[in-house]
Amino acid sequence: MSQSLLSLSSLPVPETHKSNAALKPTSETLGNDLYSFKTPFELKQIHAHIIKTNTSPSLLSLSLVASVCAFTPSFPYARKLIQISGKPENVVWNSCLKDFAESDRPIDAIRLFCRLCEYDVCLDAFTFSFLLKACTKISDGFDGRIVHGFIEKLGLQSNLFLQNSMVHLYAVSGETSDALQLFDKMSQRDIVTWNIMITQLVKKGKVDDAYELFDNMPERNVRSWTSMIMGFVQCGKPKAAIDLFTQMEEQKLHPNEVTVVAVLAACADIGALDLGRRIHDFSNESGFRTNIRISNTLIDMYIKCGCLDSARSVFNEMEQRTIVSWSAMIQGLAINGNGEEALNLFQEMIHLRIKPNGVTFIGLLHACSHMGMVKEGQRFFASMTKDYGIVPRIEHYGCMVDLLSRAGLLKKAREFITNMPIKPNGVVWGAFLGGCRVHKNIEMAEEAIEHLLELDPLNDGYYVVLSNIYAEAKRWEDAARVRKLMREKGVKKTPGSSSITIDGVTHEFVAGDEAHDQNKEIHQRWEKLLQEMKLRGYVPDTSVVLLDVEESEKVRFLFRHSEKLAVVFGLINTADGTPIRIMKNLRVCEDCHEALKIISEIVDREIVVRDRSRFHCFKNGMCSCKNYW
Ligand code: ZN
Ligand code: ZN
């Protein structure tokens with residue numbers, strides 16, 4: 001159906017062209033006009049001029065011809081223009097389809113595809129690659145099977161690129177089983193195919209399925225490893241993520257920026273400071289220093305490992321900071337007992353006209369809470385909605401209850417909880433309970449516990465706290481009643497366990513552990529420490545031992561608490577002056593808290609314990625939590 005110049009001249013020229021002098025192109029302006037028409041009408045005017053001045057029509061921008069006429073009745077006219085230009089028609093339409101697919105209106109690509117079908121324009125593999133791209137972008141509720149059907153009908157189903165795109169489309173539109181079915185049926189797959197499937201399964205939270213594929217991959221690249229590491233981090237398996245990263249390093253693969261972020265997040269979760277530091281060095285050597293996400297993750301990692309100074313230096317070295325960086329730093333300072341510095345940093349941030357977000361306010365409220373600045377905290381709480389339009393979330397309410405309870409304003413805290421527009425959760429009641437415990441209000445503590453047990457009936461931690469409160473008030477019968485209640489409800493005490501990492505090896509201690517290689521040494525060192533501790537006023541607090549046994553037996557249990565074992569192990573196996581970092585699965589008990597304070601003074605070392613809810617930084621006989629946790 002080739003067209004000659006003759007038939008081009010015979011195309012209708014709109015009458016209006018001659019009458020509209022203003023639009024009439026001159027030979028100087030025509031060059032620009034060939035690329036600047038916005039409607040089929042303008043196109044036809046230019047076309048008329050081309051004919052009149054004997055200019056070559058191939059100078060017209062054909063992709064513009066296609067896009068301007070795509071959805072108008074001038075579609076056949078555009079086709080003719082394209083055909084006479086001599087360029088293959090599907091190349092022009094495909095490029096138009098590509099532009100639509102990449103635009104912020106990918107639906108136009110699908111509309112154009114429908115027109116191409118309607119007018120029998122020749123379709124090829126490129127057509128479908130761009131169409132699939134558009135479909136993926138609007139995956140929501142889109143049925144990929146329609147496109148799949150077309151591809152099969154045109155015999156393009158063996159095209160690996162299209163197959164990969166189809167697998168991707170099925171997976172992102174939530175049709176995981178279709179994606180897997182197609183994946184299984186494919187006679188050949190490349191690394192891209194596997195990576196698509198793994199990445200999408202990870203995104204859907206099906207990490208075990210993803211790992212099964214990963215395990216069976218004939219060949220893996222950095223992307224495959226990174227997706228899998230990210231998957232483990234997201235589903236709360238940081239240890240598996242780190243193990244995988246170690247294997248990846250053994251394969252001599254070079255981690256990319258995404259890998260670095262994922263591994264750092266895993267380090268933050270389990271407090272793997274040594275690896276975190278090594279990744280930090282690697283990241284600097286690899287020129288990732290300007291990557292804001294990496295810097296933000298580093299700040300988070302250092303804070304979660306209790307290394308405030310390192311977090312601060314990452315923050316200070318950042319050339320560009322986002323609100324995430326500021327909020328992380330403010331929060332980090334606040335929870336590590338540097339409230340004043342946190343507030344100063346906030347002032348600096350406001351001065352730089354950076355708008356705070358919800359997380360920033362959590363940090364500010366924590367800071368006020370730790371410093372007992374009730375008025376200031378209330379002012380921040382009001383300001384977040386009034387000045388910044390941020391609706392307080394449950395975390396903010398939790399902070400406010402913490403602020404009031406900590407300051408001993410228990411009635412006000414109780415009133416605040418009653419007036420909350422959202423249902424209080426465990427964190428809110430937990431904060432209230434903390435205040436009741438410190439300020440020795442048994443009645444209100446009982447109320448808090450009642451709510452907490454309703455929310456989480458099998459959490460042994462609450463029973464322990466309640467029993468402690470009774471024991472402290474010398475209400476032994478009540479303490480015994482709590483133990484009975486625990487038995488009746490079938491609450492099993494989670495065994496406490498603490499871990500410490502030395503030279504890249506993690507050592508785990510369970511409460512009562514006697515099986516460790518260095519058990520004898522630990523025991524001897526503890527006895528020696530104990531003598532000195534007693535001289536400094538340490539008295540074992542056996543009220544935390546919820547067992548019906550002799551007092552001497554209770555003391556024996558108490559001295560075998562996992563964090564004590566881990567700390568003593570750390571003292572034996574690290575050089576003088578080195579900080580000791582412990583991770584504990586449960587809340588640190590009152591007795592260990594007191595013991596670690598005294599030990600930090602005796603051995604003149606910093607002891608950082610991250611328990612289930614927060615950080616304790618013991619130094620010179622004091623703790624950063626100010627005895628409130
Ligand atoms: Zn303990
Ligand atoms: Zn503490």
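All ligand and atom numbering here is 1-based and tracks the order in the structure.
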Counting backbone and side-chain atoms alike, does His616 have an N/O/S atom under 2.8 Å from the Zn ion (ligand 2)?
yes
Whether His616 and His593 hold their rings parallel, tilted or perpendicular, with breakpoints at 30° and 60°
perpendicular
For Glu488, does the CD atom have more than 12 heavy-atom neighbours from other residues, nucleotides or ligands under 6.0 Å away?
yes
In His561, the N, O or S atom nearest to the Zn ion (ligand 1) is which?
ND1
Of all N/O/S atoms in His593, the name of the one nearest the Zn ion (ligand 2)
NE2
Ion pair Glu317/Arg289, N-O distance below 4.0 Å:
yes
Any donor-acceptor pair under 3.5 Å linking the side-chain atoms of Tyr397 with those of Asn419?
no
